[in-house]
Each structure stands twice: as C-alpha cells, then as structure tokens.
> 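Take this structure, written in structure tokens, and hold onto it; I'll ask about it next.
All values below were derived from every heavy atom in this structure, side-chain atoms included, with hydrogens, water molecules and symmetry-related copies excluded.
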Amino acid sequence: MADSRSSAEPAAADLLAADTTMGPVTLRVADLDAMIGYYTRAVPLELLRHEGAAAVLGRGSVPTVILEHAPELRHASPRDAGLFHTAILFDSDAALAAAVASVARAAPGTFTGSADHLVSKAFYFTDPEGNGVELYRDRARTAWSWAHGRVVMGTEGLDPNAFLRDHLTPETLADPRVGDARVGHVHLSVGSVDEAREFYVRRLGFATTAEVPGALFVSAGGYHHHMAMNVWSSRGAGRRQQALGLGSVDIALPTPDDLGAAVERMRHAGVDPRDDGRTVTFSDPWGNDVRLAVA
C-alpha cells in the first residue's frame with residue numbers, strides 16, 4: 001500500500017460526488033439465451049426486460065447486467081484490455097449465501113475462488129463466455145481500517161462451505177432471489193496502471209483508495225472501491241478492438257450539476273464525450289467505454 005496520498009490526487013472540488021454509484025455493466029455476448037440462463041438461473045438475477053437483441057437483468061427495478069447479442073464478434077485474447085470482473089453487491093450475508101449456493105447448484109463448474117478482503121467477503125465465478133463475476137457482501141464501514149489515506153484490504157482465506165453452513169437457510173435455498181443486488185464495483189484489465197490513474201483519478205475524479213503491485217483501486221465518497229484496474233495479465237495492452245465481452249461501464253451521478261461538472265473536467269482534460277442527451281460516454285485509453293448519467 002502507498003504511504004501517503006499522492007500530490008497528483010484531485011482537489012476536493014474536482015472529485016466525483018460522494019453519492020456516486022455504479023450502474024449496470026453491458027456485455028456483448030455470442031449466445032444470448034445461454035447468458036440469460038446463467039444470470040437468471042445461477043446468479044440469480046431477474047429478467048427485467050428482453051427486447052430483441054438485448055436483455056436487462058437485475059433485482060426489483062435496479063439493472064445490474066445488460067446483455068447485447070453480438071454473434072458476429074469474436075472473443076478477445078486473455079491478454080487484451082477489458083473486463084476483469086463485474087462485482088455484484090448483496091445487502092446481507094443471507095442473500096449472498098443464497099446466490100453462491102444458487103450458482104453452485106446451477107453452474108458448479110464456474111466457481112473460481114473466494115476471499116475475505118477485510119472490507120468484504122467475496123466469491124468469484126466465470127460466466128459461460130469467460131466474463132469474471134464477483135458476488136460479495138460488505139462489512140460495515142465502521143469495521144474498515146484506514147492508514148495514511150488508504151483503506152486496508154487483504155486477501156484472507158474464506159471457506160465457502162463454512163460460509164454456506166453459517167448463512168444459508170432452507171427458505172433461501174428454495175428461493176435464492178432474496179434481498180437487493182446491484183453493481184458494487186467494476187474491475188478492469190488495462191495496459192498501464194499509470195495511464196489508468198491519469199484517466200480515472202486525475203481526469204474523471206475518483207480518489208485513490210488502495211494500491212497493490214499491478215493494480216489501482218479508486219472510489220467516490222470513501223467507499224473501498226467503485227472501480228479497480230490491473231495489469232496482471234494485460235500489461236502493455238493497446239486499444240481494444242470490437243470483441244465479445246465488455247460493452248460499457250455505467251456510473252450514476254446524483255444530480256445534473258454533478259454530471260455537468262464531470263463532463264467539464266473531462267473536456268478540459270482533452271477527453272471528448274459522446275452525448276446522446278441522457279448519457280455521456282467517454283472511452284478510456286484502452287477503448288473501454290465509461291457512461292455517465294444522472295441516477
């Protein structure tokens with residue numbers, strides 16, 4: 001972890017609003033029906049809308065994953081920039097246990113690991129088209145530790161069977177769609193941590209919350225992280241070509257003024273937006289699309 005806050009961190013007036021949250025992640029997929037099946041039967045989310053070549057999945061009225069059918073595209077190389085994982089945040093240990101058990105039952109071969117990160121408890125999966133998925137639950141903020149302006153995170157062992165024994169009930173096993181679920185953070189594969197810092201911190205206005213070798217963690221409002229970027233398999237990656245996988249990452253800002261301030265900062269930094277009247281889209285140095293909108 002870094003010892004002190006970098007002098008290159010944005011001034012308070014140039015930070016994203018404290019109430020900024022993550023919106024849905026859009027994935028381009030080859031087999032729309034199979035991917036709908038995974039995210040509804042395994043994860044499990046609800047199918048909120050299905051219109052033609054696109055499907056929106058989430059809980060209640062909150063979209064979490066948008067699937068866009070793009071069978072003409074090919075899979076990207078594992079060394080390319082793009083999505084590392086979409087992290088879906090649950091509001092209780094019971095809801096997280098229900099989701100983990102659901103994936104274990106419906107798609108047991110997709111589990112890739114689990115970890116206690118001190119600020120959260122997380123379980124990792126890979127969907128049928130190779131997109132990373134994290135299912136997690138935060139510890140209370142009062143239980144987080146901070147040192148020199150950085151949140152203390154770790155990677156401790158987390159026994160999935162013990163977690164399920166402690167938190168799964170017959171009722172949630174029978175009906176695992178309990179509680180709220182939304183995108184808590186998004187983790188990207190990028191070509192350079194320094195370039196990621198330039199774009200996501202100095203220009204967009206996130207604050208750095210943690211750094212580990214090859215990875216940067218950033219957030220708004222003192223959350224442990226809304227986004228992360230790593231070079232663990234993608235160091236030196238260039239701009240993405242159109243491929244299956246990540247389509248876009250959505251960030252929800254509290255007010256139109258907050259959106260306008262963010263857009264002005266990006267324009268001042270020389271990053272041109274694409275504005276459709278509701279959503280403003282920027283491309284990071286690797287062609288990952290980041291869409292800003294009012295919540």
Side-chain angles (χ1 to χ4, degrees), residues 18-25 38-48 56-65 85-108 110-127 132-146 151-187 209-210 217 219-228 250 252 254 295:
D19 293 336
T20 296
T21 58
M22 301 306 293
V25 170
Y38 181 82
Y39 282 96
T40 56
R41 290 193 295 271
V43 169
L45 301 174
E46 301 162 3
L47 181 60
L48 304 183
V56 180
L57 304 104
R59 290 273 180 94
S61 61
V62 179
T64 300
V65 177
H85 63 236
T86 301
I88 301 174
L89 175 63
F90 292 84
D91 62 356
S92 68
D93 285 335
L96 175 58
V100 171
S102 178
V103 181
R105 182 169 52 182
T110 65
F111 176 72
T112 59
S114 57
D116 183 335
H117 292 304
L118 306 183
V119 295
S120 63
K121 291 170 278 189
F123 299 85
Y124 296 93
F125 304 86
T126 303
D127 76 17
V133 180
E134 175 184 339
L135 308 181
Y136 78 110
R137 158 77 166 149
D138 279 336
R139 284 192 166 87
R141 288 200 182 200
T142 54
W144 303 356
S145 296
W146 293 78
V151 68
V152 178
M153 295 192 288
T155 303
E156 308 293 336
L158 177 60
D159 183 339
N161 293 317
F163 184 82
L164 294 180
R165 284 196 302 271
D166 290 343
H167 301 292
L168 190 64
T169 67
E171 292 77 18
T172 56
L173 183 62
D175 183 7
R177 291 189 182 94
V178 296
D180 294 330
R182 58 181 176 82
V183 175
H185 65 268
V186 178
H187 199 145
T209 52
F217 299 80
S219 84
Y223 189 54
H224 55 73
H225 67 294
H226 284 112
M227 295 193 72
D250 279 27

> Going from OG1 on T64 to CG on D250, what distance comes out if it is rounded to the nearest 0.5 angstrom?
11.5 Å
> Do S145 side-chain atoms and V152 backbone N/O form a donor-acceptor pair below 3.5 Å?
no
> Would you confirm whether S219, through its side chain, and H224, through its main-chain N or O, come within 3.5 Å as a donor-acceptor pair?
no
> Show your reasoning for whether side chain to side chain contact (heavy atoms under 4.5 Å, CB included) applies to W144 and M153.
CA-CA 8 Å; W144 303 356; M153 295 192 288; over 6 Å; no
> Tell me, yes or no, whether the heavy-atom count around R177 atom CZ, taken from other residues, nucleotides or ligands under 6.0 Å, exceeds 12.
yes
> Decide yes or no on side chain to side chain donor-acceptor pair (under 3.5 Å) for T110 and Y38, but give the supporting numbers first.
CA-CA 10 Å; T110 65; Y38 181 82; 3.2 Å; yes
> For the backbone of R41 and the side chain of S102, can you confirm whether one donor and one acceptor N or O come within less than 3.5 Å of each other?
yes
> Go through it in stages, so that I can follow the logic: the residues are T86 and M22, the test is side chain to side chain contact (heavy atoms under 4.5 Å, CB included), and I'd like the CA-CA distance, side-chain angles, deciding distance and then a yes or no.
CA-CA 10 Å; T86 301; M22 301 306 293; over 6 Å; no
> For E134 and H185, which heavy atoms make the closest approach, and how far apart are they?
OE1-NE2, 3.2 Å
> Contact between D93 and F163 at the side-chain level, heavy atoms closer than 4.5 Å - yes or no?
yes
> Give a yes or no on whether the backbone of L173 and the side-chain of R105 come within a donor-acceptor separation of less than 3.5 Å.
yes
> For S61 and L48, which heavy atoms make the closest approach, and how far apart are they?
C-CD1, 4.4 Å
> For a quick test of reading the model, state the closest non-hydrogen atom pair linking A97 to H167 and the distance between them.
CB-CB, 3.7 Å
> Heavy-atom distance under 4.5 Å between the side chains of R59 and P44, does that happen here?
yes
> What's the separation between atom OG1 in T40 and atom CG in L57, rounded to the nearest 0.5 Å?
6.5 Å
> Could you state the interatomic distance from CG (L118) to CG (D116), rounded to the nearest 0.5 Å?
5.5 Å
> What orientation do H225 and H187 show, parallel under 30°, tilted 30 to 60°, or perpendicular over 60°?
perpendicular
> Answer yes or no: is there a donor N or O on one side and an acceptor on the other, between the side chain of D91 and the main chain of D180, under 3.5 Å?
yes
> Going through the checks in order, is the side chain to side chain contact (heavy atoms under 4.5 Å, CB included) test met by Y39 and D127?
CA-CA 8 Å; Y39 282 96; D127 76 17; 2.7 Å; yes
> Could you report the tightest heavy-atom contact between F90 and A99, atom names first, then the distance?
CZ-CB, 3.6 Å
> Using the side chain to side chain contact (heavy atoms under 4.5 Å, CB included) rule, take Y223 and T209 through it: C-alpha gap first, then chi angles, then the decisive distance, then the call.
CA-CA 8 Å; Y223 189 54; T209 52; over 6 Å; no
> About how many Å separate CG of L96 and OG1 of T172, when rounded to the nearest 0.5 Å?
11.0 Å
> Run the ring-centre check on Y136 versus H117 and record whether the distance is less than 6.0 Å.
no
> On a heavy-atom basis, which atom in H85 and which in V133 lie closest, and how many Å separate them?
CB-N, 3.8 Å
> If you look at every heavy atom in K121 and L158, which pair is closest and at what distance?
CB-CD2, 3.8 Å
